[in-house]
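Just below is one structure, and these are the notes that go with it.
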Amino acid sequence: MRFFDKLDDRVRACNSILCIGLDPDSSKLPQGLGIMEFNRKIINATSEFCCAYKLNFAFYEAAGAEGLNALKETVKMIPGGIPVIADAKRADIGNTSRAYASAIFDYLGFDAATVNPYMGFDSLQPFIERDDRGIFILCRTSNPGAADFQDLFTSYSGSRRAIFELVAGKADEWNSRGNIGLVMGATHTDELSLIRKELPEMPFLVPGVGAQGGELAAVVESGKTFNPGGLIINSSRQIIFASSGPYFSSAAAEAARSLRDGINSCR
Ligand code: OMP
């Protein structure tokens, strides 16, 4: 099954466009709990409220062998109908990128991955060629430094456009398999709405609400589209670290429920 069909099905089934970020920062885990056990409890408590999970590799890699093992095992423990996104922001020369894609999709078993467009088409090709998997290309990210390059104007093709607009245009051009979406940061809704006007059907993964301050109503208004899975909104810390106490998993469930409801009230 194609990734975006799986995502659409899941959004319809759970009536949620909330993607939960499983970013198990070791310094914030409840006392005495390893990443795998933490993730298991969070997933059990929150899966009914989300359309997808996104695992940021940094937090697993930083924990060494235990983290890498938890990365693979966590993908396996997520219930079958829920798409799992590898937030690895990969890309390299084609030969190396092929190994990255194989590690993420074949060895680890992810449904989709975030990728970085800076090295151009051949660096993303091994990901794009996987018809059965999805990719989200970084377009306009949520961090302050996004402006350093992404907002610069160029006169490519005779028209004055920002680099992030060119990335969006290229992503659309490369999307003959229908397996490409964009990462659009929640902290910049003008840019989100600009790209939504240019690409009404392109799926967006939008991180940056909650801990980074992205405003929910503005994100939904700027990014909405008619496909069920065409706009998914990620939140990590606000949900998984809602509490560090003994009832952390029920606090996470409550945070997920409340964010899902908040998003749905804006849709
Ligand atoms: P919270 O700020 O805790 O909700 O986490 C946001 C997650 O989304 C982290 O895993 C970030 O690495 C990721 N992210 C952004 O915050 N901003 C972006 O522009 C892109 C991503 C991403 O690719 O997911």
Side-chain angles (χ1 to χ4, degrees), residues 7 17-29 35 38-39 42 46 49-63 67 70-71 74 83-91 100 104 110-118 124 127 134-151 162-164 167-168 171 180-192 195 202-216 219 222-223 231-244 248 251-252 255-256 258-260 262-263:
L7 184 59
I17 59 167
L18 170 65
C19 169
I20 297 181
L22 294 175
D23 294 355
D25 183 339
S26 298
S27 67
K28 295 190 182 139
L29 295 182
I35 293 180
F38 176 75
N39 281 357
I42 294 285
T46 60
F49 306 117
C50 68
C51 66
Y53 285 102
K54 178 171 79 69
L55 280 63
N56 190 309
F57 279 29
F59 300 98
Y60 298 86
E61 290 168 355
L71 187 59
T74 300
V84 193
I85 302 167
D87 185 4
K89 300 184 175 68
R90 292 290 195 248
Y100 273 146
I104 288 176
F110 281 90
D111 297 299
T114 58
V115 293
N116 186 332
Y118 196 71
L124 303 188
F127 286 87
I135 68 168
F136 289 96
I137 298 179
L138 298 179
C139 180
R140 209 312 177 172
T141 57
S142 64
N143 57 316
D148 289 346
F149 299 117
Q150 296 164 21
D151 289 356
I163 287 176
F164 76 85
V167 169
I180 294 180
L182 296 174
V183 176
M184 298 296 304
T187 48
H188 290 86
T189 45
D190 287 349
E191 289 82 347
L192 184 57
I195 301 301
M202 176 67 78
F204 289 171
L205 163 64
V206 180
V209 296
Q212 296 178 55
E215 216 240 295
L216 211 51
V219 166
S222 316
L231 170 68
I232 63 171
I233 298 178
N234 181 85
S235 178
S236 308
R237 287 166 288 181
Q238 184 189 5
I239 294 176
I240 68 171
F241 297 124
S243 162
S244 57
F248 71 90
S258 151
L259 188 52
R260 177 205 59 182
I263 294 169

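Side-chain atoms are counted along with the backbone in the values below, which use heavy atoms only and exclude waters and symmetry mates. Keep in mind it's a predicted model, so treat the numbers as computed, not measured. Ligands are counted one by one from 1 in listed order, and the atoms in each one are counted from 1 as well.
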Suppose I only count heavy atoms of Asp23 and a 4.0 Å limit; which atoms of ligand 1 are within that range?
7 (C), 9 (C), 10 (O)

Quick one: CZ on Phe127 to CD1 on Ile104, what's the gap to the nearest 0.5 Å?
4.5 Å

Within the structure, does Gln238 bring an N/O atom to less than 3.5 angstrom of an N/O atom in ligand 1?
no

Any idea which protein heavy atom is nearest atom 5 (O) of ligand 1, and the distance to it?
Ser236 OG, 3.2 Å

Side chain to side chain contact (heavy atoms under 4.5 Å, CB included) partners of Ala171, counting only residues at least two apart
Ile137, Ile180, Leu182, Met202

Just how far is it from atom CG of Leu18 to atom CG of Leu259, taken to the nearest 0.5 Å?
5.0 Å

About how many Å separate CG of Leu22 and OG of Ser236, when rounded to the nearest 0.5 Å?
8.0 Å

Measuring from non-hydrogen atoms of Ser235 to any atom of ligand 1, is the shortest distance under 4.0 Å?
yes

Would you kindly specify which portion of Thr141 sits under 4.0 Å from ligand 1, judged on non-hydrogen atoms: side chain, backbone, both or neither?
both

For Lys89, the ligand 1 atoms with a heavy-atom partner under 4.0 Å come out as 12 (O), 21 (C), 22 (C), 23 (O), 24 (O)

Could you find the nearest protein heavy atom to atom 3 (O) of ligand 1 and give me its residue, atom name and distance?
Arg237 NE, 2.6 Å

Can you tell me how far the CD1 atom of Ile195 sits from the CZ atom of Phe164, to the nearest 0.5 Å?
5.0 Å

For atom 12 (O) of ligand 1, what is the closest protein heavy atom, and at what distance to 0.1 Å?
Asn56 ND2, 2.9 Å

What part of Pro207, side chain from CB on, backbone N/CA/C/O, both or neither, has a heavy atom under 4.0 Å from ligand 1?
side chain

Looking only at distances, can you tell me whether any N or O atom of Asn143, backbone or side chain, sits closer than 3.5 Å to an N or O atom of ligand 1?
no

Residues in side chain to side chain donor-acceptor pair (under 3.5 Å) contact with Thr189, at least two apart in sequence or another chain
none

State, yes or no, whether a side-chain contact exists between Asp151 and Arg140 at a heavy-atom distance under 4.5 Å.
yes

Please identify which atoms of ligand 1 are closer than 4.0 Å to at least one heavy atom of Val183.
20 (C), 23 (O)

For atom 17 (N) of ligand 1, what is the closest protein heavy atom, and at what distance to 0.1 Å?
Ser142 OG, 2.6 Å

Looking at ligand 1, would Lys54 count as a contact under a 4.0 Å heavy-atom criterion?
yes

Contact between Leu29 and Phe59 at the side-chain level, heavy atoms closer than 4.5 Å - yes or no?
no

Among Asp25, Asn234, Asp87, whose side-chain hydrogen bond (donor to acceptor under 3.5 Å, both in side chains) with Asn56 holds?
Asp87

Ring-face cation contact, Tyr100 with Arg90, 6.0 Å cut, 45° max
yes

Which atoms from ligand 1 have a heavy atom of Asp87 less than 4.0 Å away?
10 (O), 12 (O), 13 (C), 22 (C), 23 (O), 24 (O)

Would you call Gln212 a ligand 1 contact, heavy-atom distance under 4.0 Å?
yes

Below 4.0 angstrom from a heavy atom of Asn234, which ligand 1 atoms are there? Numbered from 1 as shown, please.
6 (C), 7 (C), 8 (O)

Arg140 near ligand 1 by a heavy-atom separation under 4.0 Å:
no

With rounding to the nearest 0.5 Å, note down the distance linking OG in Ser222 to CD in Glu215.
9.5 Å

